[in-house]
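Counting starts at 1 for both ligands and their atoms, following the listed order.
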Amino acid sequence: MGIQYNGTKRMFKLDTAGTTYIIGVTEEGYVGHVYYGKRLRQFGGGYLMRTQEAPFTPSVNQREKNSFLDFFPMEYPTGGIGDYRESCLDVRNSAGSMASEIFYESHSIEDGKPALEGLPASFGKADEVQTLRIVCKDPVLGLQVILLYSVFEKEDVITRSVLVENTGEEHLRLEKVYSACLDMENREFEMVNLCGSWARERHIKRAGVRPGKQLVSSVKGESSHQEHPFLALVTPETTQETGEVYGMHFVYSGNFIAQAELTHFGYVRMVMGIHGDEFSWRLAPGEHFQAPEAVLTYSGSGLGKMSRSLHDFYREHLIRSPYKYKKRPVLINNWEATYFEFNTEKLLDIAREAKKNGIEMLVMDDGWFGKRNWDDNSLGDWTVNEEKLTTGLPDLVRQVRGLGMEFGIWFEPEMVSPDSKLYRAHPDWAVQIAGRTPGQSRAQYVLDISRKEVRDYIYECVAKILRSAPISYVKWDMNRQLSDIGSACLPADAQGELFHRYVLGLYEMQERLVTDFPGLLLENCSGGGARFDPGMLYYSPQIWCSDDTDAIERLRIQEGTALIYPLSTMGAHVSDCPNHIVERNTPFETRGNVALAGTFGYELDITKISEEDRAQIAGQVEQYHRYHGLIQTGDYYRIASWTDRKPYDCWEVAAKDMSEALVTFVQVLGQPNMHSVNIRIRGLDGGAGYRLEGTSEVYTGEELMECGFIVRDVKGDFRSKLYHFMRE
Ligand code: GLA
């Protein structure tokens with residue numbers, strides 16, 4: 001019974017296992033927000049819509065319509081009619097005026113969930129999800145706005161999206177179409193976000209919501225290193241296990257806004273959608289626009305519950321890859337090993353040594369094509385550089401496979417180097433504004449993949465390489481943000497569509513790739529983690545987390561990422577020391593233990609590292625084989641956080657059937673005059689006994705959860721330990 005409608009009260013009640021979301025329709029037809037929170041068994045009425053207090057609804061008191069609209073909790077607020085808070089929909093008519101006002105028309109409830117045209121979106125079977133469509137109309141514009149709510153009962157998730165259709169006669173222009181809005185009474189909310197930069201992506205930040213607007217956003221054409229399309233509002237007492245959390249996450253990979261606005265009436269409006277800057281979409285009569293999906297979740301028991309709901313949701317209902325629950329091969333990538341300086345022999349040397357140590361796949365990174373010996377040329381020229389790969393690519397792949405390993409390859413399909421055959425042949429294929437030299441970033445331009453011929457050409461280059469040899473894995477990179485937004489093909493009044501058309505073009509190319517090569521393991525990447533978002537997860541089960549592979553830097557990056565993404569999605573490798581980004585030295589064991597919390601692999605010259613380090617690889621690989629299933633499918637618990645000023649970091653993965661749990665403890669800095677540390681394990685069966693692997697120590701689940709486990713003898717900086725508990 002996910003969705004119920006009470007026709008007398010004109011109210012919708014959307015229930016998940018632990019939450020309830022209520023929508024009400026006023027006499028005039030405004031669709032109002034009533035409640036979102038802990039699950040309610042019954043709900044008596046619409047008193048929370050506050051239509052019974054001055055200035056009353058417009059039907060009773062038209063002279064105060066504006067002040068009504070400026071206060072009323074709306075499900076999908078529109079701009080230009082007197083609601084001065086952030087609007088979700090701005091529409092300009094053919095006379096140039098900007099206003100819209102939508103009223104309830106009808107609704108339908110169906111089992112299952114429709115796909116969203118051209119966009120990545122969650123999915124579910126008829127018995128897993130129900131969808132409510134509320135059809136609204138603006139009678140003046142002849143505009144139809146369909147609000148879609150899909151209720152995933154088991155995972156405590158409600159997804160929202162919006163379909164706008166021009167059913168009238170007039171040419172309209174959409175200046176803004178957000179995907180979700182939540183109007184709530186302020187409960188001293190604090191805002192939790194993920195922010196950072198290149199090499200330090202997705203650090204957790206938390207701050208009180210103040211009057212006015214506080215937002216995170218990207219206008220870079222990618223979800224970005226700097227900010228993340230996620231926002232949670234939490235009550236002040238919120239910890240991992242207590243407090244209320246409203247999380248919103250965007251299934252989109254381009255420009256976004258995620259904003260909380262505290263109003264003069266003590267309400268908070270939380271919105272999420274495609275950023276309105278540089279967005280302007282023509283909507284001719286008969287045309288429609290589909291906004292991407294926003295994922296909403298409520299937790300009454302802290303951030304940990306939100307994390308687990310989202311992890312389950314993404315694993316079950318967003319990631320499609322056949323690899324989602326399959327063991328990913330342990331790979332070795334040559335980027336930090338060789339950068340651009342490699343050839344067939346070097347790659348084979350790495351592969352041979354890797355194979356001896358149990359590594360299962362060689363990934364050839366940037367530098368194998370055109371005349372690319374540095375990063376300032378050849379993007380777009382996807383033909384093998386036979387000066388480096390002297391016997392050709394098929395032969396290299398054959399030799400690697402002959403060793404009993406798989407082969408993977410790197411591409412950066414969306415880009416073109418000014419110094420490339422492709423750019424010389426088609427300078428107009430780069431995103432640029434006529435008459436203005438586009439800015440370079442990493443000496444490259446962005447291809448205008450809003451154009452079909454550009455997409456077709458580039459896709460065919462990639463596909464041709466993949467068809468030329470049995471290649472098991474692709475790393476799809478994207479190493480710069482967009483600027484100088486102009487397309488040689490779009491008419492003047494459609495240039496404001498380019499950012500979104502670019503993202504749609506990207507999705508189309510990746511859809512083609514996973515359809516044509518269904519067995520391929522795809523890993524997305526963007527200069528590290530600039531496009532780590534739910535949109536990309538629809539195509540690839542894993543995304544490179546960050547170019548920063550230092551184990552200690554990774555603690556923050558991976559903690560922030562795991563706040564909302566399953567561990568199985570986080571690209572994580574063991575690299576060499578001193579680390580290439582921060583020049584820090586950390587024990588090889590700790591590098592392995594930290595990478596184990598992600599997809600696990602290596603990114604170093606295995607032929608050159610110390611004998612002592614190399615000797616640990618086989619054991620680490622064996623450890624990965626033992627624990628990958630638990631890490632991929634288990635429940636994640638954040639036990640202690642270095643980010644939170646603890647001298648150590650600690651996380652756990654517990655099997656859903658409580659049969660085992662793996663705890664990772666990292667002592668970041670050694671502490672003077674300290675004894676042992678007590679950590680409380682989570683997610684166990686209280687009545688069962690658990691043996692600590694490698695010992696004869698047995699504890700009850702209750703002891704471990706209530707009294708805690710004693711971590712002893714972790715001395716020195718950057719030391720780590722794994723503890724594996726198995727039910728007896
Ligand atoms: C990006 C990626 C790296 C590597 C380089 C190659 O920075 O994040 O892992 O592939 O590009 O140029």
N/O to N/O below 3.5 Å, does that happen between [X] and ligand 1?
| X | result |
| --- | --- |
| F340 | no |
| D365 | yes |
| S526 | no |

Sub-4.5 Å side-chain heavy-atom contact between K326 and P541
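No, side chains not in contact.
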
Check whether any side-chain heavy atom of F256 lies under 4.5 Å from a side-chain heavy atom of M272, and answer yes or no.
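SC-SC contact between F256 and M272 ruled out.
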
Between S641 and T643 (side chain of the first, backbone of the second, donor and acceptor by atom type, cut-off under 3.5 Å), is there such a pair?
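Yes, S641 side chain to T643 backbone: donor-acceptor pair under 3.5 Å.
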
Taking the six-membered ring for Trp and the full ring for Phe, Tyr or His, determine whether the centres of H311 and Y636 are under 6.0 Å apart.
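Ring-ring flag for H311/Y636: true, centres closer than 6.0 Å.
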
Pair W410 + Y473: ring centers closer than 6.0 Å
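No; Y473 has its ring centre 6.0 Å or more from that of W410.
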
[X] heavy atoms, cut-off 4.0 Å: which ligand 1 atoms fall inside?
| X | answer |
| --- | --- |
| K475 | 3 (C), 4 (C), 9 (O), 10 (O) |
| C525 | 2 (C), 8 (O) |
| D366 | 6 (C), 12 (O) |
| R442 | 11 (O), 12 (O) |
| G528 | 8 (O) |

Please state which part of N333 comes within less than 4.0 Å of ligand 1, counting heavy atoms only: side chain, backbone, both or neither.
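It is neither; nothing of N333 touches ligand 1.
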
Specify side chain, backbone, both or neither for E603, according to which of its non-hydrogen atoms lie closer than 4.0 Å to ligand 1.
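The answer is neither.
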
Option set W544, W335, F411, criterion heavy-atom distance to atom 5 (C) of ligand 1, minimum:
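Result: the heavy atom closest to atom 5 (C) of ligand 1 is in W335.
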
Should the pair R554 and W544 be classed as cation-pi, given the thresholds of under 6.0 Å to the six-membered ring centre and 45° from the axis?
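Flagged: R554 positioned over aromatic ring of W544.
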
Could you check whether any heavy atom of D375 sits closer than 4.0 Å to an atom of ligand 1, since that is the contact criterion I want to use?
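Contact absent.
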
